[in-house]
Amino acid sequence: SADGSILFSLGDMSAPFFLRSAAKPFQALAFLEHGGADHYQLEPQEIAILCSSHSGTSAHIEVLEKLQKKVGIYESMLQCGIHAPYHQASADQLKREGKTPRPNHNNCSGKHTGMLSFAKMIGASLDNYLEASHSVQQAMLNTFSEMCAVDKSTVILGVDGCTAPVYAVPLPAAALAYARLCQPESLPPMRAAACRAITSAMLTHTDMVAGPERFDTDGMLVGKGAFISKLGAEGCRAIGIMPG
């Protein structure tokens, strides 16, 4: 629960695990609580795609391109790598048109766009934004560890498939972070407001968080605002329960 109490557990709670993409809302949270939403006048669907593991549909690409133009960065700056769209119809459409996938088709391109936007906002280097020592990565690590209520020195760092730093913590720490994200009443005002902006964006633009025939998108639609859901690779899925 948001107060840190354990409501139910199964198995070894002490073993750390990598959240992978389930950490994306907290990486976006650091950007928003530093003023990113106001600085760039972000729209809810743009906030949602910062937290996404999107399917690479034309709708996703359109939002990303609009956001990158607004910020003043280019797709070529993204260091997430390239893969075909998860959405099979979108991948087939590219083939029919004789086109190859681009960085924006990568499911992590929203997160990387957010990192670059954060770096540009604070005047930090855009070339090495993925280095663990970069000010953007340090800000994200600080926010994540504080949401988990652990010392940041205890967070295990790895490298995700998109080459960005990724975090491992014990399960109760990650669960607490999601509980606080969805029920942020006890958090400082700026952080609580940023949490609400993220959960509201994810719930009102579920299509941006994942895509057609994906659990995160369909689950949140069926839930009708009761919970947020975020996939992480290697068997991780985080579900945060909203107030009420």
Side-chain angles (χ1 to χ4, degrees), residues 21-54 59-75 77-78 80 104 107-126 129-130 134-148 164-165 177-210 216-217 220 225 227-230 238 240 242-243:
S21 286
K24 288 175 178 175
F26 305 104
Q27 292 164 313
L29 178 61
F31 177 38
L32 264 60
E33 69 181 358
H34 279 78
D38 291 336
H39 185 80
Y40 292 114
Q41 294 297 295
L42 297 183
E43 299 175 6
Q45 62 181 354
E46 294 169 335
I47 294 174
I49 210 161
L50 298 181
C51 306
S52 76
S53 297
H54 67 78
H60 295 129
I61 303 304
E62 182 178 341
V63 172
L64 283 165
E65 289 177 344
K66 178 183 176 183
L67 174 56
Q68 289 161 0
K69 183 178 181 181
K70 178 190 296 186
V71 171
I73 59 175
Y74 301 96
E75 181 181 11
M77 295 178 175
L78 274 60
C80 53
N104 275 346
N107 77 100
C108 293
S109 55
K111 175 179 73 174
H112 282 251
T113 297
M115 291 175 175
L116 281 166
S117 302
F118 193 174
K120 184 165 186 180
M121 181 180 73
I122 63 176
S125 169
L126 303 182
Y129 72 94
L130 295 181
H134 193 281
S135 53
V136 162
Q137 298 301 334
Q138 285 296 304
M140 291 179 170
L141 176 60
N142 287 339
T143 294
F144 175 74
S145 63
E146 289 170 4
M147 290 292 287
C148 291
Y178 263 88
R180 286 175 158 178
L181 175 67
C182 295
Q183 300 184 31
E185 290 76 16
S186 65
L187 302 178
M190 287 188 65
R191 177 164 291 176
C195 286
R196 293 187 180 99
I198 285 173
T199 54
S200 175
M202 292 177 69
L203 288 169
T204 55
H205 295 279
T206 66
D207 57 322
M208 289 292 114
V209 178
D216 287 339
T217 290
M220 287 189 286
F227 63 89
I228 63 166
S229 176
K230 185 66 197 74
M242 299 300 292

Any donor-acceptor pair under 3.5 Å linking the side chain of [X] with the backbone of [Y]?
X: Glu75; Y: Asn104; value: yes
X: Ser145; Y: Asn142; value: yes
X: Lys120; Y: Ile73; value: no
X: Gln41; Y: Asp38; value: yes
X: Gln137; Y: His134; value: no
X: Lys24; Y: Ser52; value: yes

Just how far is it from atom [atom1] of [X] to atom [atom2] of [Y], taken to the nearest 0.5 Å?
X: Glu65; Y: Tyr74; atom1: CD; atom2: OH; answer: 13.5 Å
X: His205; Y: Met220; atom1: NE2; atom2: CE; answer: 11.5 Å
X: Phe31; Y: Leu116; atom1: CZ; atom2: CG; answer: 10.0 Å
X: Leu50; Y: Leu64; atom1: CG; atom2: CG; answer: 8.5 Å
X: Leu187; Y: Cys195; atom1: CG; atom2: SG; answer: 5.5 Å
X: Leu29; Y: Arg180; atom1: CG; atom2: CZ; answer: 11.5 Å

Side chain to side chain donor-acceptor pair (under 3.5 Å) between Ser53 and Lys111: does it pass, once the steps are laid out?
CA-CA 8 Å; Ser53 297; Lys111 175 179 73 174; over 6 Å; no

Minimum-distance pair of heavy atoms, taken over all atoms of [X] and [Y]:
X: Ala37; Y: Leu32; result: CB-CG, 4.1 Å
X: Leu203; Y: Thr206; result: O-CG2, 3.4 Å
X: Lys70; Y: Tyr40; result: CD-O, 2.9 Å
X: Ala48; Y: Met208; result: CB-CB, 3.8 Å
X: Ala22; Y: Ala238; result: CB-CB, 4.3 Å
X: Pro25; Y: Cys51; result: CA-SG, 3.9 Å

Is there side-chain contact between [X] and [Y], with at least one heavy-atom pair below 4.5 Å?
X: Pro165; Y: Leu141; value: no
X: Ser117; Y: Leu42; value: no
X: Phe118; Y: Met115; value: no
X: Met242; Y: Gln183; value: no
X: His39; Y: His34; value: no

On the 0 to 90° scale, with breaks at 30° and 60°, tag the Tyr129-His112 ring pair as parallel, tilted or perpendicular.
perpendicular

Residues passing the side chain to side chain donor-acceptor pair (under 3.5 Å) test with Thr113, sequence neighbours excluded, are Gln68

With Ile228 as reference, evaluate Asp216, Val209, Thr199 under the side chain to side chain contact (heavy atoms under 4.5 Å, CB included) test and give the passing residue.
Thr199

List in chain and number order the residues that pass ring pair (Phe, Tyr, Trp, His ring centres under 6.0 Å) with Phe144, two or more places apart in sequence or in another chain; answer none if no residue qualifies.
Phe26, Tyr167

Side-chain donor-acceptor contact under 3.5 Å, Ser109 with His54:
yes

If you draw a 6.0 Å radius around CD in Glu62, do more than 12 non-hydrogen atoms from other residues or ligands fall strictly inside?
no

